[in-house]
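What you see is a predicted model, and the numbers here were worked out from it, not measured in a lab. Computation of the quantities below employed the complete heavy-atom set of this structure, encompassing side-chain atoms and omitting hydrogens, waters and symmetry-equivalent molecules.
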Amino acid sequence: MLEIKEIINQAIKARELSYSPYSNFKVGAAIEVKDGTIILGANIENCSYPLSICAERTAIFETYLRGYKKEDILQIAIVADSKDITTPCGACRQVLSELFPRDKRIISANLKGDFLVSTIEELLPYSFSKENLDK
Ligand code: THU
């Protein structure tokens with residue numbers, strides 16, 4: 001498994017793929033899976049602003065599209081050029097709560113080298129889950 005700094009470097013690389021002409025806020029994400037593959041994601045915006053999608057979601061959706069499942073995932077890093085650390089937004093937390101393993105690390109970092117390691121359980125306690133659909 002990659003060291004924290006190494007997976008952050010992959011997310012920094014992913015950040016360059018961001019299409020964010022409206023916010024000018026580039027975000028990159030990198031997911032490592034058990035066979036060693038690194039899957040990159042970046043925020044992709046639209047002139048109809050709400051249609052924009054975050055880096056975390058492009059990365060997790062791409063992971064599943066490549067045939068990987070929750071149990072294949074080792075870690076994710078997310079990087080933005082912010083003074084403080086940017087952690088996943090509420091929508092991404094909800095998506096990750098279903099698609100990302102409960103106990104694997106979510107590394108949120110900025111370009112200055114600050115980072116925070118957390119899990120989805122810490123980021124979104126009492127989340128809405130598919131069990132809540134049971135009647
Ligand atoms: N954004 C992300 O990609 N991930 C986050 O965790 C926070 C926000 C994106 C969405 C939008 O394109 C831009 O950053 C500004 O909100």
Side-chain angles (χ1 to χ4, degrees):
M1 189 164 98
L2 292 182
E3 300 291 332
I4 289 177
K5 292 287 180 194
E6 292 172 324
I7 187 85
I8 287 174
N9 281 338
Q10 293 293 319
I12 291 172
K13 199 170 81 179
R15 194 176 156 270
E16 292 310 311
L17 301 170
S18 166
Y19 174 77
S20 43
Y22 305 104
S23 69
N24 290 310
F25 189 70
K26 293 181 180 187
V27 186
I31 291 176
E32 183 183 9
V33 292
K34 286 180 182 166
D35 69 10
T37 302
I38 308 294
I39 296 135
L40 304 183
N43 56 329
I44 307 289
E45 298 185 345
N46 191 272
C47 58
S48 179
Y49 301 162
L51 300 184
S52 304
I53 184 165
C54 296
E56 296 88 325
R57 271 177 286 160
T58 58
I60 193 76
F61 292 156
E62 174 68 6
T63 301
Y64 276 69
L65 284 167
R66 291 206 202 172
Y68 298 108
K69 298 279 182 286
K70 191 191 275 195
E71 53 273 20
D72 300 315
I73 296 172
L74 289 176
Q75 58 179 336
I76 183 173
I78 303 126
V79 174
D81 185 15
S82 45
K83 178 167 63 70
D84 299 319
I85 291 159
T86 295
T87 57
C89 78
C92 288
R93 292 180 196 205
Q94 178 61 33
V95 169
L96 291 173
S97 75
E98 181 152 342
L99 302 180
F100 192 85
R102 299 160 71 85
D103 56 340
K104 298 297 183 197
R105 62 188 183 198
I106 296 177
I107 303 157
S108 305
N110 63 18
L111 289 181
K112 293 187 297 180
D114 306 318
F115 65 87
L116 172 80
V117 180
S118 60
T119 63
I120 193 61
E121 281 193 317
E122 290 166 344
L123 292 176
L124 192 65
Y126 306 108
S127 65
F128 181 69
S129 72
K130 56 183 186 292
E131 284 72 37
N132 295 123
L133 296 173
D134 296 339
K135 298 208 179 89

Exercise. Which atom names give the shortest non-hydrogen contact between Leu116 and Ile85, and what distance separates them?
Worked result: N-CD1, 3.8 Å

Problem set entry | Heavy-atom side-chain proximity of Pro88 to Ser108 below 4.5 angstrom | yes

Problem set entry | CG-CD distance between Asn9 and Glu3, expressed to the nearest 0.5 angstrom | 11.5 Å

Problem set entry | Exceeds 12 heavy-atom contacts within 6.0 angstrom, atom CZ of Arg102 | no

Exercise. Hey, quick one: are Leu40 and Val95 part of the same hydrophobic cluster, counting side-chain heavy atoms closer than 4.5 Å, chains of contacts allowed?
Worked result: no

For this session: Determine yes or no for a side-chain-to-main-chain donor-acceptor pair under 3.5 angstrom, with Tyr68 supplying the side chain and Glu62 the backbone.
Result: no

For this session: Could you tell me the separation between the CG atom of Leu99 and the SG atom of Cys92, rounded to the nearest 0.5 Å?
Result: 11.0 Å

Exercise. Which pair of heavy atoms, one from Ala30 and one from Ala11, lies closest together, and at what distance?
Worked result: CB-N, 3.6 Å

Problem set entry | Sequence-distant partners of Thr119, side chain to side chain donor-acceptor pair (under 3.5 Å), two or more places apart | none

For this session: With rounding to the nearest 0.5 Å, note down the distance linking CD1 in Ile78 to OG1 in Thr86.
Result: 9.5 Å

Problem set entry | Non-hydrogen side-chain atoms of Ile38 and Lys13 separated by less than 4.5 Å | no

For this session: Please report the shortest heavy-atom distance between Arg15 and Asp81, naming the atom on each side.
Result: NH2-CB, 3.5 Å

Exercise. Is Ile76 linked to Val117 within one hydrophobic cluster, defined over Ile, Leu, Val, Met, Phe, Trp and Tyr using a side-chain heavy-atom separation of less than 4.5 Å?
Worked result: no

Exercise. Leu123 and Ile73: same hydrophobic cluster, using ILVMFWY side-chain contacts below 4.5 Å?
Worked result: yes

For this session: Show your working on side chain to side chain contact (heavy atoms under 4.5 Å, CB included) between Ile7 and Met1 and close with a plain yes or no.
Result: CA-CA 9 Å; Ile7 187 85; Met1 189 164 98; over 6 Å; no

For this session: Apply side chain to side chain contact (heavy atoms under 4.5 Å, CB included) to Arg66 and Val33, showing your working.
Result: CA-CA 11 Å; Arg66 291 206 202 172; Val33 292; over 6 Å; no

Exercise. What is the distance from atom CG of Leu74 to atom CD1 of Ile31, rounded to the nearest 0.5 Å?
Worked result: 10.5 Å

Exercise. If you look at every heavy atom in Phe115 and Ala109, which pair is closest and at what distance?
Worked result: CB-CB, 3.9 Å

Problem set entry | Distance in Å, Tyr126 OH paired with Glu121 CD, rounded so as to fall on 0.5 Å steps | 11.0 Å

Exercise. Does a side chain donor of either Ser48 or Asn46 reach within less than 3.5 Å of an acceptor in the other side chain?
Worked result: no

Exercise. Residues in ring pair (Phe, Tyr, Trp, His ring centres under 6.0 Å) with Tyr22, at least two apart?
Worked result: Tyr49

Problem set entry | Non-neighbouring partners of Lys104 that pass side chain to side chain contact (heavy atoms under 4.5 Å, CB included), sequence neighbours left out | Phe100, Pro101

Exercise. Taking C-beta and beyond as the side chain, do Ile4 and Arg105 meet within less than 4.5 Å on heavy atoms?
Worked result: yes

Exercise. Any chance CD of Glu71 has more than 12 other-residue heavy atoms, nucleotides or ligands included, within less than 6.0 Å?
Worked result: yes

Exercise. Can you tell me how far CG of Asn110 sits from NZ of Lys83, rounded to the nearest 0.5 angstrom?
Worked result: 10.5 Å

Exercise. Which pair of heavy atoms, one from Asp72 and one from Lys69, lies closest together, and at what distance?
Worked result: OD2-N, 2.6 Å

Problem set entry | Asn43 side-chain N/O to Ser18 backbone N/O, donor-acceptor pair under 3.5 Å | no

Exercise. Which pair of heavy atoms, one from Asn132 and one from Ser127, lies closest together, and at what distance?
Worked result: OD1-O, 3.7 Å

For this session: Kindly say whether Leu2 contributes a backbone atom to a donor-acceptor pair with the side chain of Glu32 at under 3.5 angstrom?
Result: yes

